[in-house]
Amino acid sequence: MSAPRQKDPDVLEVQLLLDALYHRFGYDFRRYAPASLRRRVHQACVHLKCATISELQGRLLHESEILDQLLGFLTVQVSEMFRDPAYYRALRERVLPHLATFPTVKVWVAGCSSGEELYSLAILFREEGLFDRTVFYATDINPHALAKAEAGIYPLDQIRLFTENHRGSGAAGSLSDYYSAGYGVASFDKALRSRVVFSDHSLATDEVFAEVHLVSCRNVLIYFERALQDRALRLFRDALPHNGFLGLGSRESLRFSPESAAFEDFDRENRIYRRRGS
Amino acid sequence: VSIDAPRPCWVVMGGSAGSVAALEKLLPGLRPELAVALVLHIPPRRASQLAAVLGAMGPLPAKEVDDKEPFRPGAIYVAPPDYHLLVEPDLMFSLSTEAPELFSRPSINILFETAARALGPGVAAVVLSGANADGARGAAEVRARGGRVFVQAPTTAEYATMPQAVLSACPDAVVLPPERLAVALNALLDAV
């Protein structure tokens, strides 16, 4: 006879913390991929000076002001503009010509975090002459990340990488046309967010809010378990009309999801998919 | 009467400067039923051909990992450039763009630590040539959870810093030249 199944105490601690976060505040991390989430929970414990995850849970329930800090750790905010230039080049050369046939275009940047992907797309659309008839929905669960996205201010020491990436995306102009530099930061042109709707939206708990022509959601699904990935992909499927486009991160794939049947490869190398007719 | 299936053995391997030369000696000797996850520190923009090069060295095919790909015997799973590679408890890989660790993304420590947690005594960690200390902390975690640790003999490594750091963290690690590491890893498949 074997002993009753017992959970590793620190597996249980993470689970209880996530339950507390969900039931107290409605943020649902319960179906995030556990290996990387656990690392971020530990980082939060160290930063917030909690000896155990249980202590962090107690503080979360009794000092709700630490919620913002905890969210900052649990959501990943490391990004760069025009990350994987080939993706943006493929959008520029192959996807935007399709979108240009519509009188108005809607784009959903799902899990936009601090906005690097959003500004990359806004610049791309401006360069290709589509910006003025496009609406961008930029959504995230982290209000601080959304505020950063809305501010559009990035450390100047990243601009060299962003500039190199931008050039690799096939841009004719210069990235410096879109920001002003000073005091160690680059502030991106306010006009770039004139057509952006910033909004709190969770791929884990919210529903579709609009029909869009392009969903760009890069390196967000990697933090989810498969079941949650499937939920997010279902939202994208429902948001996209026949022939709508879905762009994922360079190592994200539909091939492990039942939702793959709703899409076809459009650019396999760059992980751009197209919604099939139903 | 049933014959015992080979004990599952999950190899996690890391290396940096000088490790491709070691892999050229190690990979040809591996048995094709091994499961290998590999982190190499390679500049992101030069890494795209890595899987093809490694696969051509020996019997195991090599592939750059896609997110949530299952970790199965019969292949070398290579961390994609600019992503951390993690092993999830349900034996799938996940990827992460979190900040570099010890200036490295992918990080050997992160692969080793998550594999140790997911697989416990089923893990064999291997550290090859390299010029920094990535891998030492992860190897200690593998050891603490009952897995085995192997290092390339520092005298055979182009850069001995990485193997030495692992030996400091895990004094009982098995130390072998690359060709013999292959033999030792194959033997794990037969251990019951």
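Quick caveat: nothing in here was measured; it's all calculated off a predicted structure. By convention in this document, chain letters (A, B, ...) are assigned in the order of the sequence lines, proteins followed by strands, and residues within each chain are numbered from 1.
Most heavy-atom pairs under 4.5 Å with chain B: of the set E252(A), Q229(A), R38(A), this distinction falls to R38(A).
Counted within 6.0 Å of CZ on F256(A), heavy atoms from surrounding residues, nucleotides or ligands total more than 12; the atom is thus considered enclosed. Crowding of R180(B) atom CZ: a count of heavy atoms from other residues, nucleotides or ligands under 6.0 Å not exceeding 12. No more than 12 heavy atoms of other residues, nucleotides or ligands shown are found within 6.0 angstrom of CZ on R160(A).
Between R83(A) and D82(B) a salt bridge is recorded (basic side-chain N to carboxylate O distance below 4.0 Å). A salt bridge between E101(B) and R39(A) is present, with a side-chain N of the basic residue lying under 4.0 Å from a carboxylate O of the acidic one. Ionic pairing of R117(B) and D10(A) is present here: one or more N-O contacts between side-chain nitrogen and carboxylate oxygen are shorter than 4.0 angstrom.
Residue contact with chain A, scored on non-hydrogen atoms closer than 4.5 Å, involves the backbone and the side chain of T97(B) alike. If you measure heavy-atom distances from R271(A) to chain B, the contacts under 4.5 Å come from the side chain alone. With a 4.5 angstrom heavy-atom cutoff, E225(A) touches chain B only via backbone atoms. In this structure, chain B has heavy atoms under 4.5 Å from both the backbone and the side chain of S250(A). The contact between L86(B) and chain A is made entirely by side chain atoms (from C-beta outward), counting heavy-atom distances below 4.5 Å. Both the backbone and the side chain of S36(A) come within less than 4.5 Å of a heavy atom in chain B.
From S257(A), atom OG reaches atom NZ of K68(B) across 12.0 Å, with rounding to the nearest 0.5 Å. To the nearest 0.5 Å, the span separating OH on Y223(A) from OG on S94(B) amounts to 9.0 Å.
In this structure, R251(A) is not positioned above the aromatic face of Y77(B) in the sense of NZ or CZ being under 6.0 Å from the six-membered ring centre and within 45° of the axis.
Taking both residues in full, the closest heavy atoms of V87(B) and A35(A) are given as O-CB, 3.6 Å, listed atom of the first, atom of the second, then distance.
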